[in-house]
Every structure is written in structure tokens, then in C-alpha cells.
> 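Attaching a single structure in C-alpha cells format; questions to follow.
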Amino acid sequence: MTNIHRRAFIRAAGGVAALGATIGFPSLALGAARRVVVVGGGVGGSTIAKYLRKLDPTVAVTLIETKPSYTACLMSNEVLSGERTLESLTFGYDGLRRYGVEVVRDTAVGIDPVKKTVQTAGGKGFDYDACVVSPGIGFKWGAIEGYDEEVAETVPHAWNAGPQTQMLRSQIEAMPEGGRVIIVAPPNPFKCPPGPYERASQIAMYCKHHKPGAKIIILDPKDAFSKQGLYVEGWTKLYGYGTDNSMIEWVGAAGGGKVESLDPSTLTIQAEIEEFQGDVVNIIPPQKAGAIAFAADLVDGDWCPVDKRTFESLRHKDIYVLGDASSAAKMPKSAYAANSQAKVAAAAIVSRFHGLEPGDPTFVNTCYSVVGEEFGISVAAVYGLDAGTNTIEPVPNSGGVSPANASPEIRKREVSYAHSWFKNVINDMLE
Ligand SMILES: Cc1cc2nc3c(=O)[nH]c(=O)nc-3n(C[C@H](O)[C@H](O)[C@H](O)COP(=O)(O)OP(=O)(O)OC[C@H]3O[C@@H](n4cnc5c(N)ncnc54)[C@H](O)[C@@H]3O)c2cc1C
């Protein structure tokens with residue numbers, strides 16, 4: 001390793017250590033360049049591609065991504081209120097190319113863990129010394145009778161930002177005055193635990209100004225949800241929650257919120273106790289790891305088990321699984337979690353390339369939700385590794401949720417924190 005490369009490694013590794021990932025520094029010279037193939041250019045994949053190059057510019061990094069650009073799910077609920085456009089959430093990969101990442105537009109269809117090759121739909125094969133898989137989630141189609149991929153063409157899930165988000169926004173805009181939006185929330189675990197409730201809030205924010213007689217009903221198979229107390233506080237203040245005229249109604253498991261079927265021709269939902277009919281229906285289906293995780297035999301059940309010290313798969317050596325697809329309890333499936341895991345895995349991979357043992361990691365997560373124009377809330381935690389149980393545990397007294405009944409100034413400030421967090425995480429991934 002040249003002095004420049006050694007300095008770059010130490011500088012970048014210092015950044016990771018500052019974020020909590022404790023790693024050793026290289027002391028050995030490298031032989032032939034090592035190759036890392038990253039599958040998926042979302043949060044986890046983009047972050048690790050960049051950080052591998054920052055940690056050790058001698059590592060050759062290839063990123064395989066199906067789409068030509070990245071459209072962030074983060075903040076995509078704000079498209080539904082008209083607060084932002086999809087274009088403002090869409091970013092190219094030139095920033096990664098500037099770090100020397102080779103970005104390939106293709107879809108990985110298989111991984112051979114013996115030959116150490118990733119195969120793509122385009123018929124190519126990419127050899128690796130380490131492979132990183134961060135494909136996000138897939139949907140369990142058919143879990144709700146009558147709701148499948150074809151029906152989703154007109155009854156959007158909008159749980160992967162893009163045309164689905166735009167479709168839901170257009171349907172809400174076209175909804176008659178006094179119309180009814182039904183959101184079907186998924187069971188745990190799923191991508192972005194506070195997301196369905198932020199979605200209801202953002203739709204209410206729009207309706208309050210443009211369709212004041214509208215109602216948003218959340219049908220939920222769960223008895224509780226992320227930041228529930230703070231959401232209820234915001235909904236009560238802003239949307240009359242708990243009164244007969246509440247714009248938002250939440251029906252949890254105990255109230256019969258579990259949905260059994262959909263009749264797409266009438267937008268009628270059969271829930272456990274009652275039938276609900278909507279003018280707009282948004283079903284967020286139950287989830288599992290993205291398809292490549294199944295094709296590459298990385299799953300145990302719905303998700304990919306990993307060694308929480310490194311995020312290396314417990315099923316196949318030298319393959320690392322990040323983000324939503326991984327089984328990373330007790331971290332939530334969030335962008336900040338994927339970003340944090342990517343830095344830990346980058347440090348572990350480069351450490352191994354240099355013959356070093358990966359250190360004990362620390363992870364972070366913060367998740368903001370915008371409940372109204374000037375009403376933001378958040379949850380934050382720092383996590384450490386319990387190597388004995390291979391679990392990621394919150395560090396005691398390290399985080400928490402925003403205070404209950406906080407001043408209007410604090411709530412307003414959290415909205416601007418949410419927006420600046422979004423800019424920062426995008427920069428950290430892609431710039
Ligand atoms: C409405 C909504 C709001 C959200 N808001 C927040 C928020 O405020 N804060 C937060 O922290 N998180 C938020 N999230 C969650 C966050 O988006 C995810 O947790 C995060 O994107 C996970 O990163 P990932 O790398 O696992 O997957 P993704 O970011 O989903 O990336 C997966 C990528 O892999 C690609 N891919 C998949 N399979 C293949 C293949 N075989 N070959 C090539 N490419 C492939 C996909 O095209 C995609 O680009 C939100 C999610 C939603 C739905």
C-alpha cells in the first residue's frame with residue numbers, strides 16, 4: 001500500500017470509527033487488487049461501494065443496479081402531500097463513479113459462492129473476492145386475497161418510491177371531496193416501521209387544505225406501532241384524532257384491523273370484523289428479502305441471517321448482506337440502519353483483505369417523521385454487538401424518542417432536522 005493509500009485508509013477508517021465502528025488499521029502491503037461486487041445501488045449498496053473505495057482505493061468495486069438512477073423512499077411520503085416532487089428524490093450514480101466505482105446497469109440473478117461469481121440477467125459474470133448484497137425488500141404477493149402484482153398496477157403499494165408513489169398521489173388528488181383513503185399497514189418486520197403512519201399524516205396534511213371532509217383509515221394487523229404516542233399527539237393537535245370528526249382513524253389488531261381480502265373492482269376490503277370501502281386504497285403488503293437473496297440461497301425463512309460483527313452471511317462465506325434484506329434485529333429496517341451497517345461491513349471487508357480481524361462494531365439509527373407542516377418527531381438509538389447471542393442491542397440511555405408535549409419550536413425544528421438529515425444521508429451515500 002502506498003503512503004497515499006495508507007493515509008486515505010486511515011482517514012476514512014477514522015471516519016468510520018467516529019461513527020462507532022472500531023476497526024484496526026492495515027499494516028500489510030497488498031498483493032493483487034481485491035474485487036468486491038455489490039448487488040443493489042440503494043442505501044446499503046451505494047454507501048458500501050463508496051466507503052470501500054474511501055477505505056482502500058486499491059479495492060476494485062463494481063456496483064450492479066437494475067435502475068438507471070436512485071429514487072429515495074426516504075421523504076417519498078412528502079410526494080403524497082405535494083410538499084416535494086419525485087424528481088427531488090432522484091439521484092444519479094456519477095458521484096460513485098468519481099470514487100472509482102464501476103456502476104453496471106443490470107440485474108443480478110444468481111451468485112455462485114464456490115466459483116465466487118455473480119451472474120446477471122444481461123448474461124454477464126462478475127468475479128469477486130467479497131460480494132455484498134443489499135437488494136432491499138420483496139413483497140409477499142397473495143398474502144391478502146385479491147391483491148397481487150397485477151392489481152398493484154391500479155391499487156398502489158407505493159412502498160418502493162417511483163411511479164407507484166406518483167400513482168397514489170394522483171389518486172388522492174382526483175379523490176372526491178369527502179372521500180376516503182384506506183391504508184393497509186403490514187405486519188412486522190417491514191421496511192420503515194414509522195412509514196405507514198407518516199404516510200397517513202402526510203395525506204391528512206394535504207386533505208386538511210384541499211379536501212377537508214376526507215377521512216384516512218389505517219387498517220393494521222398490529223396492536224402498536226413505532227412512535228405511536230407521538231403520532232397520536234400530533235394527530236390530536238392537527239387532525240382532530242379521537243373526536244367524531246377526526247381526519248385519521250387507526251384500527252389496530254384488537255379492533256379487527258387485520259385485512260383478509262380486497263375486491264379491486266369496488267375497492268372493498270374485508271377486514272377481520274368489518275368491511276371497508278375506499279375511494280383510494282393503498283395496500284402495503286407483508287414483506288421478505290429481495291428476490292436475489294432467495295436465488296442465491298441467502299435466506300432462512302424470509303430474511304438473511306448474518307454475523308452481526310461483519311454482516312457476512314451465515315449461509316455463504318464472503319457474501320455480506322446489508323440493509324432491509326438482512327436479519328439485523330434489533331435494528332429497524334431503515335435507511336440510516338442500512339447506511340450504518342454498510343460502514344461496518346466495509347471496514348470488516350477491508351480489514352480482512354489486510355489480514356486483520358474486524359473489530360467490535362457500533363451502529364446508529366435515527367428516524368424522523370413529519371406529521372404536519374411544523375410538527376416533526378424522531379426516534380434515535382446507538383446499538384452495540386452482543387457477540388454471545390449475535391444480536392444488536394441498544395446501548396442503554398443512548399437514544400429515545402422526542403419528548404412528549406414538546407414546545408411548538410421543538411416540533412418545528414424536528415421538521416428541519418428531518419430535511420437536513422435527508423440531504424446528509426444522500427450525500428453520504430452518493431456524493
Ligand atoms: C415511504 C418510505 C419512507 C421511508 N422513510 C425513511 C426515513 O425517513 N428514514 C429512514 O432511515 N428510512 C426510511 N425508509 C426506509 C428505507 O428506504 C430503507 O430501509 C432503505 O432504503 C434500505 O436500504 P437497502 O439498501 O436495504 O435497500 P434499498 O435502498 O431499497 O435498495 C435496494 C436496491 O437494490 C436494487 N436491486 C434489487 N435487486 C437487485 C438485483 N437483483 N440486481 C441489481 N439491483 C437490485 C433495487 O433496484 C434498489 O435500488 C422509508 C421507506 C419507505 C417505503
Side-chain angles (χ1 to χ4, degrees), residues 37-49 62-80 89-91 93 103-111 118-122 126 132-138 157-162 164-165 168 183 186 189-200 202 226-227 282 284 287 289-296 303-304 311 321-326 328 331-342 345 364-370 376-380 417-419 421-422 424-426 429-430:
V37 176
V38 180
V39 175
V43 182
S46 295
T47 307
I48 197 166
T62 301
L63 175 71
I64 302 173
E65 165 59 47
T66 304
K67 297 182 194 141
S69 52
Y70 169 69
T71 303
C73 282
L74 342 168
M75 298 295 154
S76 65
N77 281 329
E78 289 195 340
V79 173
L80 305 176
L89 300 173
T90 303
F91 305 89
Y93 288 107
V103 182
V104 174
R105 187 172 173 204
D106 207 335
T107 297
V109 291
I111 302 172
V118 177
Q119 297 93 34
T120 67
F126 293 87
V132 179
V133 179
S134 194
I137 53 125
H157 54 76
W159 215 237
N160 286 326
Q164 281 270 315
T165 318
L168 183 55
I183 298 173
F190 65 98
K191 159 159 88 170
C192 196
Y197 317 96
E198 183 191 57
R199 172 164 290 179
Q202 287 286 323
S226 172
K227 295 185 267 191
N282 167 222
I284 306 166
Q287 292 158 36
I292 183 65
F294 287 83
W303 308 102
C304 304
F311 277 72
V321 186
L322 305 178
D324 292 346
S326 69
M331 288 187 96
K333 297 189 184 300
S334 78
Y336 208 162
N339 173 265
S340 184
Q341 292 159 8
V364 284
N365 180 60
T366 304
C367 198
Y368 293 96
S369 302
V370 180
I377 56 176
S378 63
V379 57
Y417 294 159
H419 293 153
W421 171 83
F422 172 65
N424 290 341
V425 81
I426 294 292
M429 287 164 57
L430 293 167

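All ligand and atom numbering here is 1-based and tracks the order in the structure. Residue numbers start at 1 and run along the sequence shown.
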> Number the atoms of ligand 1 from 1 as they appear, then name those within less than 4.0 Å of a heavy atom of Ser134, with their elements.
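Per the distance check, 24 (P), 25 (O), 26 (O), 31 (O), 32 (C), 33 (C), 34 (O).
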> For the pair Gln202 (side chain) and Val370 (backbone), establish whether a donor and an acceptor sit closer than 3.5 Å, ignoring hydrogens and angles.
yes
> Could you work out, for atom 23 (O) of ligand 1, the closest of Thr71, Val43, Asn77 by heavy-atom distance?
Val43
> Distance to 0.1 Å, residue and atom name: give those for the protein heavy atom nearest to atom 13 (C) of ligand 1.
Leu74 CD2, 3.5 Å
> Has Trp421 got any heavy atom lying under 4.0 angstrom from an atom of ligand 1?
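The answer is yes, since Trp421 has a heavy atom less than 4.0 Å from ligand 1.
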> Polar-atom distance check: Glu65 versus ligand 1, any N or O pair below 3.5 Å?
yes
> Within the 4.0 Å heavy-atom shell around Lys67, which atoms of ligand 1 are there?
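Atoms satisfying the 4.0 Å criterion: 47 (O).
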> Under 4.0 Å from a heavy atom of Ala338: give me the atoms of ligand 1 that qualify, with their elements.
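With Ala338 as reference, the close atoms of ligand 1 come out as 23 (O).
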> Look at atom 31 (O) of ligand 1 and say which protein heavy atom is nearest, naming residue and atom and giving the distance to 0.1 Å.
Gly42 CA, 3.2 Å
> Kindly say whether Gly41 contributes a backbone atom to a donor-acceptor pair with the side chain of Ser46 at under 3.5 angstrom?
yes
> Give a yes or no on whether the backbone of Thr107 and the side-chain of Thr66 come within a donor-acceptor separation of less than 3.5 Å.
no
> From atom 2 (C) of ligand 1, work out which of Pro194, Ser46, Pro332, Cys73 has a heavy atom at the shortest distance.
Cys73
> Taking all heavy atoms of Asn160 and all of Cys73, pick out the closest pair and write down the distance.
CA-SG, 4.0 Å
> Among residues at least two apart in sequence or on other chains, which ones pass salt bridge (Lys or Arg N to Asp or Glu O under 4.0 Å) with Glu78?
Arg84
> Give the contacting part of Val425 toward ligand 1: side chain, backbone, both or neither, where contact means a heavy-atom distance below 4.0 Å.
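Within the 4.0 Å criterion, Val425 makes no contact with ligand 1.
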> Using 0.5 Å steps for rounding, measure from the CE atom of Met75 to the OG1 atom of Thr165.
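Answer for the CE-OG1 pair, Met75 versus Thr165, is 14.0 Å.
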> Look at the side chain of Asn339 and the backbone N and O of Val43, then say whether any donor-acceptor pair between them is shorter than 3.5 Å.
no
> Please state which protein non-hydrogen atom is closest to atom 30 (O) of ligand 1 and give its distance, to 0.1 Å?
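Answer, as residue, atom name and distance: Gly136 CA, 4.0 Å.
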> Below 3.5 Å, N or O to N or O, backbone or side chain included: is there any such pair between Trp159 and ligand 1?
no
> Under the ring pair (Phe, Tyr, Trp, His ring centres under 6.0 Å) rule, collect the residues that match up with His419, sequence neighbours excluded.
none
> For ligand 1, does Ser76 get within less than 4.0 Å through its side chain, its backbone, both, or neither, judged by non-hydrogen atoms?
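Contact part for Ser76 vs ligand 1: side chain (C-beta onward).
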> Check each atom of ligand 1 against the heavy atoms of Lys333 and keep those under 4.0 Å away; list them by number with element.
19 (O)
> Please report which non-hydrogen protein atom sits nearest to atom 38 (N) of ligand 1, along with the residue it belongs to and the distance in Å to one decimal place.
Pro135 CB, 3.6 Å
> Is it the case that ligand 1 has an N or O less than 3.5 angstrom from some N or O of Ala158?
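N/O-N/O distance below 3.5 Å does not exist for this pair.
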> Is any side-chain heavy atom of Tyr93 closer than 4.5 Å to one of Leu63?
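Side-chain contact under 4.5 Å: yes.
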> With a cut-off of 4.0 Å, which atoms of ligand 1 are near a heavy atom of Lys191?
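Answer, ordered by atom number: 15 (C), 18 (C), 51 (C), 53 (C).
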> Among Ala121, Cys192, Gly195, which one puts a heavy atom closest to atom 4 (C) of ligand 1?
Cys192
> What I want to know is whether Asp324 and ligand 1 share at least one N or O pair that is separated by under 3.5 angstrom.
yes
> Of all the non-hydrogen atoms in the protein, which one sits nearest to atom 45 (C) of ligand 1, and at what distance?
Thr66 OG1, 3.6 Å
> Applying side chain to side chain contact (heavy atoms under 4.5 Å, CB included) to Phe311 and Ser326, what does each step give before you reach the verdict?
CA-CA 8 Å; Phe311 277 72; Ser326 69; 3.7 Å; yes
> What atoms in ligand 1 come closer than 4.0 Å to a heavy atom of Asp106?
43 (C)
> Output the list of atoms in ligand 1 that are nearer than 4.0 Å to some heavy atom of Gly323, sorted by atom number.
26 (O)
> Quick check on contacts: which atoms of ligand 1 are under 4.0 angstrom from a heavy atom of Ile292?
41 (N)
> Taking all non-hydrogen atoms of both residues into account, name the closest pair between Trp303 and Pro189 and its distance.
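Nearest heavy atoms, Trp303 then Pro189: NE1-CG, 3.5 Å.
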> Do any nitrogen or oxygen atoms of Val39 lie less than 3.5 angstrom from nitrogen or oxygen atoms of ligand 1?
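Val39 vs ligand 1: no N/O contact under 3.5 Å.
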> Thr47 near ligand 1, heavy-atom distance under 4.0 Å?
no
> Among all protein non-hydrogen atoms, which one is nearest to atom 42 (N) of ligand 1, and what is the separation to 0.1 Å?
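Scanning the protein heavy atoms, the shortest distance from atom 42 (N) of ligand 1 goes to Ala108 N, 2.9 Å.
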> Show your reasoning for whether side chain to side chain contact (heavy atoms under 4.5 Å, CB included) applies to Ile426 and Phe91.
CA-CA 9 Å; Ile426 294 292; Phe91 305 89; 3.7 Å; yes
> Side chain, backbone, both or neither: which part of Ser334 has a heavy atom under 4.0 Å from ligand 1?
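Both backbone and side chain of Ser334 come within 4.0 Å of ligand 1.
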> Run the contact test for Gly290 against ligand 1 with a 4.0 Å cut-off on heavy atoms, strictly below, and give the result.
no
> Is Gln341 reaching over with its side chain to a backbone N or O of Gly323, donor-acceptor style, under 3.5 angstrom?
yes
> I'd like to know if the side chain of Asn282 reaches the main chain of His157, judged simply by a donor and an acceptor atom lying under 3.5 Å from each other, with no hydrogens or angles considered.
yes
> Looking at Tyr336 and Trp421, would you say the former's side chain and the latter's main chain have a donor-acceptor pair under 3.5 Å?
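No; zero donor-acceptor contacts below 3.5 Å.
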> If we ignore hydrogens and angles and just use 3.5 Å, is the side chain of Lys333 paired with the main-chain N or O of Lys191 as donor and acceptor?
no
> Among protein heavy atoms, which sits nearest to atom 34 (O) of ligand 1, and what does the distance come to when rounded to 0.1 Å?
Gly40 CA, 3.2 Å
> Could you tell me the residue and atom name of the protein heavy atom closest to atom 12 (N) of ligand 1, and the distance to it rounded to 0.1 Å?
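Heavy-atom neighbour on the protein nearest atom 12 (N) of ligand 1: Ala335 N, 2.9 Å.
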> Check for a donor-acceptor pair, side chain of Asp106 on one end and backbone N or O of Gly122 on the other, with a separation under 3.5 Å.
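Such a contact is found between Asp106 side chain and Gly122 backbone.
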